[in-house]
Amino acid sequence: MDSGERDVSEVVLKGSTVTATEAASRSAVLKRLRVTDMVFHGLTRTAAMMVLALLSAVIISLVVGAAPALGTFGFGFLFDESWNPVTERFGALAPIYGTLVTSAIAMLIAVPVGLMIAFFLTELCPPMLRRPIGIAIELLAGIPSIIYGIWGLFVFAPFVQQYFQPFMIDTFANVPVLSTLFAGPPYGIGMFTAGLILAIMVLPFVTSISRDVFDAVPPVLKEAAYGVGCTTWEVFRYVVLPFTRVGVIGGFMLGLGRALGETMAVTFVIGNAHHVSASLFAPGTTISASIANEFTEAVGDLYTSSLIALGLILFFITFCVLAMARYMLMRLQMRAG
Amino acid sequence: MADSSIASANSPLYAGRRRRNAIAKSLALAATIFGLGWLVLILGILVYKGIGGISLSVFTEMTPPPGAAGGLLNAIVGSLVLTILAVIIGTPIGILAGTYLAEYGRHDKLSSVVRFINDILLSAPSIVIGLFIYEIMVAPMGHFSGWAGAVALAVIVIPVVVRTTEDMLTLVPDTLREAAASIGLPRAHMIVRIAYRAAQAGIVTGILLAIARISGETAPLLFTALNNQFWSMNMNAPMPSLPVVIFQFALSPYEEWQKLAWTGALLITVTVLALSIIARSLTSPRKSS
């Protein structure tokens, strides 16, 4: 680096007065600089390519690892509920079901709450409090998922078991559909608790992205709406939300991608039972929790391969969701820019 | 005119609109309190459960066998080693790739693809990264190892650093680049001497955020670095780490282990939150100006 500095100053400072020998050394230096420039360009380009290679390698390694299981079970793997290491019969239905149900619960809670927090932060909050509250919400996103897990297992699950679940079971015992959703003994752990914890984890993502896109609404639009006498809520509901729809949905998708792939928080409280049950209070499993719980203990190639196949399915689902999210956020950016 | 506006102010329609507005506003306030409440609740209980276990022995003794007292020394050191190695492996690749996106190929076709893929990697489930490293490192080598854990974490570091490096370099005003070019500075030198220096704080922020992200990661370590009950500096052997120890101890039936798990959880959370607050304070003056 030092010699480079000298090179540059030689060229730059002695630019005007040159003798023949200096001219020769100058062209040599220039050549050296061109070479370093090319090398650096090549290096950065290679690094950028490595990002591409990384994703391809992830996909290829998962496909190769999953091949034995997918070859044995075929497409039936997706729709088979059984998960029996002894008879070596594996199916992904229960984990897929658990993943979708827990994520759905999480989104049902996090989306309205996150939107309302973003509404508060952008339209109602006193300017002095905006930054601290925003940072506090974002800190929620920074807490490692294992903390949510241990907290969920020791603090939240017992609470849900003692107070929330008995109440729900009693209340809805005679309501047709809800009685099946909220049935069974209150274990505390299960899909419902996992969904709630996921909701807390996803909340900051939904909030911060919604806040960012709400902030990007041109003030003129809002002022015009206020000018014709709209209330704060009406401005938000009929001007801000429609204007930012694409971005907000993109934000939801990012949150959903996070919820689908979340591992540790769920593993602690899901109960790891390979069953598809209608009751939300029943223990279940998700794709990521199955892998986390069983991978190191899996004996036999077919067992390991089935777990990798689960990973491949998870990657495929999240890839689609995230790709859609990025596409929508990009569309919004293009419109804004 | 004045009459009609007074009449409309008292009309049932206007009253209804005002009521809806009030309800929405209070719901928004309630939602915010709800969100902040979780943060307070989680941190509060974490401190309450974890602070009692903090003592010197946590930092000087090894993880104990079931039923005995002990500390977390090997796990803490293991986590430090894995994190540092992951940063050493991941950061250069991330910074170089981010540099390409912002400097050489800002409007390339390649860049837009890389940007898209990088965003996918940024939010890809970390357990899948664990499976990937298992497939390419653990399975061929035949054993779990510290190296595998470090590489798995590095894979998580790369997209974070790529993203922040690109964002921060894009913020550097083009006039600086043009000024450098006008005195004949080659591009590589301009980037290293001018652009990197201007974006320094932002790039460091990105690295800190990446450290914050991986220091709590558990899923990718479960079947790469695995765990180790003992002191281990051998990168070719299973390596203990704080998150995995917490996972194992929290799910165990032993009270001492559970207590250590809470203490470890508190340590990790304090570290991660401190890192993200430092990272934020590094860039915030720039944002406000």
Proximity breakdown for A:Ile135 and chain B, heavy-atom pairs closer than 4.5 Å: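 Interface part for A:Ile135: side chain.
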Is there a side-chain contact between [X] and [Y] (heavy atoms, below 4.5 Å)?
| X | Y | value |
| --- | --- | --- |
| B:Val272 | A:Ile143 | no |
| B:Leu251 | A:Leu153 | yes |
| A:Glu234 | B:Asn21 | no |
| A:Val51 | B:Val162 | yes |
| A:Trp233 | B:Arg17 | no |
| A:Met264 | B:Leu222 | yes |
| A:Arg45 | B:Asp108 | yes |
| B:Ser276 | A:Leu139 | yes |

Most contacts with chain A, counted as non-hydrogen pairs under 4.5 angstrom, among [options]:
| options | answer |
| --- | --- |
| B:Leu110, B:Ile268, B:Ile23, B:Ile33 | B:Leu110 |
| B:Thr269, B:Thr99, B:Ile45, B:Leu27 | B:Ile45 |
| B:Leu46, B:Val40, B:Val114, B:Ile136 | B:Val114 |
| B:Phe34, B:Phe116, B:Phe144 | B:Phe116 |

Plane angle bin for A:Phe295 and B:Phe223 - parallel if under 30°, tilted between 30 and 60°, otherwise perpendicular: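 Ring orientation of B:Phe223 relative to A:Phe295: tilted.
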Mutual orientation of the aromatic rings belonging to A:His41 and B:Tyr100 [parallel < 30°, tilted 30-60°, perpendicular > 60°]: tilted
Side chain A:Asp37, main chain B:Pro186, donor-acceptor under 3.5 Å: no
Near-ring test B:Trp38/A:Phe156, centroid separation under 6.0 angstrom: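 Aromatic pair counts; centres sit under 6.0 Å.
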Option in [options] with maximal non-hydrogen atom pairs under 4.5 Å from chain B:
| options | value |
| --- | --- |
| A:Ala57, A:Cys230, A:Gly311 | A:Ala57 |
| A:Leu307, A:Thr46, A:Leu52 | A:Leu52 |
| A:Ile308, A:Leu203, A:Leu260 | A:Ile308 |
| A:Ala47, A:Ala325, A:Gly142, A:Gly261 | A:Ala47 |
| A:Ile150, A:Ile147, A:Thr318, A:Leu322 | A:Ile150 |
| A:Phe120, A:Tyr327, A:Phe315, A:Phe236 | A:Phe120 |

Step-by-step side-chain contact (heavy atoms from CB on, under 4.5 Å) determination, A:Leu55 to B:Asn118: CA-CA 9 Å; A:Leu55 187 85; B:Asn118 192 62; over 6 Å; no
